[in-house]
There are 2 protein chains.
Amino acid sequence: MHDTFVSNPSFFKLDATLKKIRNYWQKNFDARQMDITVDQWLLVENLYKHKRITHNELARLTSKDITTVSRIIELLVKKDLVERQGSTDDRRKVFVQLTPQGVNKYKEVRPLVLEMRKTGWNNLSETDYNELTRILDVIYANIP
Amino acid sequence: MHDTFVSNPSFFKLDATLKKIRNYWQKNFDARQMDITVDQWLLVENLYKHKRITHNELARLTSKDITTVSRIIELLVKKDLVERQGSTDDRRKVFVQLTPQGVNKYKEVRPLVLEMRKTGWNNLSETDYNELTRILDVIYANIP
DNA sequence: TAGCAATAGTTGTTATAGCAACTAATTTTA
DNA sequence: TAAAATTAGTTGCTATAACAACTATTGCTA
């Protein structure tokens, strides 16, 4: 990789693209009164998939700091979308799972998310998707 | 693009990669006592390039909200890296530029940033760089 | 030209991100 | 087995992100 390319700000492009996506998602959530943020959605999505997991596991799955997860969960609990249950065999652990309302919220938001993902991938191929995935994975692995 | 790919969380991968890069950068800044954050660096970099610009232009160049730019500039002014000058012909505008210390800071941090970019692009080719750029540009353009 | 709209920037508020310090519980080790 | 180290989670703090509301200024237009 030449210095010209190294000096080119890919970081900026990643950041700008991510912000564009995030803002687009949030605007759509707001427009349809979903009453949820993008990162709250990411946690709900993972809780739907994994049913009953600890803060720690959720943090690992979402690449979020455990403190951040702790605080987002707090907001989701306030919204009655999530409930916490202390573990009995290891009393340090706290399990988290969706409430019935949380499951409903997932089912309500999910189609909108699929739609928006489709919009983002417009004019791009399966190969493009695989390329993006591959390149991002290599970058991720390169960094200590 | 098939639904399988649409439903695959690229957003998450972008987010995770960006966080990894950001944390790596910040840890290196901290380890070498650069006394600067990643986003503060991005503004310094742009100010070095563009010499004397308004908050608004800086916001556009960095894909940041003008309120965010306003607050980061405030921090940079406190660190004596940046100075503000009210425009005379349009008194709403405030021009921003690096102080001599700001220029020094740029020259101090710059080699480290190049090094870290090189690390991130390890095992990747010029073609990969162009592919990533192309795909991100299409996604960006797809989103209203 | 008076009034209205648009623009540049700041301030207030809420959310996410990450580090440090802390509590409580569990595991390791001397 | 008692002390030390590790682990799970919370709380405090600072920074970034975005929206709304606000001031001050400038441009537009009836």
Side-chain angles (χ1 to χ4, degrees), chain A residues 11-12 15-31 34-44 53-60 62-79 82 84-96, chain B residues 11-12 15-31 34-44 53-60 62-79 82 84-96:
Chain A
F11 177 90
F12 166 71
D15 187 51
T17 308
L18 196 62
K19 269 186 210 151
K20 186 101 183 245
I21 299 173
R22 188 183 292 277
N23 291 346
Y24 172 58
W25 283 34
Q26 192 60 58
K27 276 197 173 66
N28 273 273
F29 286 171
D30 293 348
M34 294 298 181
D35 187 32
I36 199 169
T37 68
V38 173
D39 293 284
Q40 285 166 20
W41 162 254
L42 291 178
L43 291 205
V44 167
I53 55 181
T54 62
H55 288 188
N56 239 339
E57 292 171 304
L58 200 47
R60 194 177 40 77
T62 55
S63 281
K64 285 184 187 305
D65 199 276
I66 191 179
T67 60
T68 302
V69 167
S70 185
R71 277 161 179 144
I72 298 180
I73 290 295
E74 207 178 309
L75 294 176
L76 290 172
V77 167
K78 267 188 202 148
K79 290 182 181 176
V82 158
R84 290 194 243 225
Q85 287 175 330
S87 166
T88 47
D89 52 305
D90 184 341
R91 286 187 299 160
R92 290 170 305 180
K93 290 185 182 173
V94 179
F95 284 105
V96 175
Chain B
F11 178 89
F12 166 71
D15 188 51
T17 307
L18 196 61
K19 270 186 209 151
K20 186 101 183 246
I21 299 173
R22 188 184 291 277
N23 290 347
Y24 173 57
W25 283 33
Q26 192 61 59
K27 278 196 172 68
N28 273 272
F29 287 170
D30 292 349
M34 294 298 181
D35 188 32
I36 199 169
T37 68
V38 173
D39 293 284
Q40 286 167 18
W41 162 253
L42 291 179
L43 292 205
V44 168
I53 55 180
T54 63
H55 288 188
N56 239 340
E57 293 171 302
L58 200 47
R60 194 177 40 77
T62 55
S63 281
K64 287 185 186 304
D65 200 276
I66 190 179
T67 60
T68 302
V69 168
S70 184
R71 279 161 177 144
I72 298 180
I73 289 295
E74 207 178 308
L75 294 175
L76 289 173
V77 167
K78 267 186 203 150
K79 290 181 180 177
V82 159
R84 290 194 244 225
Q85 287 175 330
S87 167
T88 47
D89 52 304
D90 185 342
R91 284 189 300 159
R92 290 169 303 179
K93 290 187 182 171
V94 178
F95 284 104
V96 175

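Convention: sequence-line order gives letters A, B, ...; per-chain numbering from 1. Quantities reported herein were computed from a predicted structural model and do not represent experimental measurements.
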So which of residues 15-28 of chain A are in contact with DNA chain D, with a heavy-atom cut-off of under 4.0 Å? A:K19, A:N23, A:K27
Ignoring hydrogens, what is the shortest heavy-atom contact between B:V69 and B:A59? Give both atom names and the distance. CG2-CA, 3.6 Å
Spacing of B:T62 atom OG1 and A:K19 atom NZ [to the nearest 0.5 Å]: 6.5 Å
Starting from P on D:dT26, measure out to CG on B:D89 and report it in whole angstrom. 9 Å
When A:T88 and A:Q40 are each assigned the nearest nucleotide of DNA chain C, the 5'-most assignment goes to A:Q40
What's touching nucleotides 3-7 of chain D from the protein side, N or O pairs under 3.5 Å?
unit_1, atom_1, unit_2, atom_2, d
D:dT7, O2, A:R92, NH1, 2.7

Between B:H55 and B:V96, which heavy-atom pair has the shortest distance, and what is it? CD2-CG2, 3.1 Å
Reported OG-to-CG distance for the pair A:S63 and A:L42, which is rounded to 0.5 angstrom: 10.5 Å
Just the rounded figure in Å: distance from C1' of D:dA8 to CZ of A:R84. 13 Å
Considering non-hydrogen atoms only, spot the tightest contact between B:R91 and B:T88 and give its length. CG-O, 4.0 Å
Set of side-chain hydrogen bond (donor to acceptor under 3.5 Å, both in side chains) partners for A:K27, sequence neighbours left out: none
With sequence neighbours left out, the residues meeting side-chain hydrogen bond (donor to acceptor under 3.5 Å, both in side chains) with A:Q85 are A:R52
Once side chain to side chain contact (heavy atoms under 4.5 Å, CB included) is applied, do any residues pair with A:V44, and if so which ones, sequence neighbours excluded? A:I36, A:W41, A:L76, A:L98, A:Y106
Just to be sure I understand the rule, does A:S87 reach a base, reach only the sugar-phosphate, or reach nothing, if contact means heavy atoms closer than 4.0 Å? nothing
Taking atom CG of B:L75 and atom OG1 of B:T37, what is their separation to the nearest 0.5 Å? 7.5 Å
d(NE2, B:H55; P, D:dT25) in whole Å: 16 Å
For B:D35, give me all partners under side-chain hydrogen bond (donor to acceptor under 3.5 Å, both in side chains), at least two apart in sequence or on another chain. none
Test of understanding: with side-chain hydrogen bond (donor to acceptor under 3.5 Å, both in side chains), list the residues that count as partners of A:N23, not counting sequence neighbours. none
What's the CD-C1' distance between B:E74 and D:dT14, to the nearest Å? 13 Å
Kindly write out the residues that satisfy side chain to side chain contact (heavy atoms under 4.5 Å, CB included) with A:N56, not counting sequence neighbours, or none if the list is empty. A:T54, A:I66
Of A:K93 and B:R71, the one whose closest DNA chain D nucleotide lies more 5': A:K93
Can you give me the first and the last nucleotide of DNA chain C (5' to 3') that has an atom within less than 4.0 angstrom of a non-hydrogen atom in chain B? C:dA6 to C:dC19
Tell me: CG of A:L75 to C1' of D:dT10, nearest whole Å? 14 Å
Taking the side chain as everything from C-beta on, heavy atoms only, tell me whether A:E74 gets closer than 4.5 Å to A:R84. yes
Under a 4.0 Å heavy-atom cut-off, which of residues 62-69 of chain B touch DNA chain C? B:I66, B:T67
Within a strict 4.5 Å, meaning less than it, do heavy atoms of the B:N28 and B:M34 side chains meet? no
Please name all residues satisfying side chain to side chain contact (heavy atoms under 4.5 Å, CB included) with B:S87, sequence neighbours left out, ordered by chain then number. B:D89, B:D90, B:K93, B:F95
Taking the side chain as every heavy atom from C-beta outward, state whether B:L43 and B:V82 have any pair of such atoms under 4.5 Å apart. no
Whole-Å distance between D:dT10 C1' and A:R91 CZ? 17 Å
Angle between the end axes of the helix from C:dT1-D:dA30 to C:dA30-D:dT1, five pairs per end, to the nearest 10 degrees? 10°
Assuming nearest nucleotide by heavy-atom distance, tell me which of B:T37 and A:S70 is located more 5' along DNA chain D. A:S70
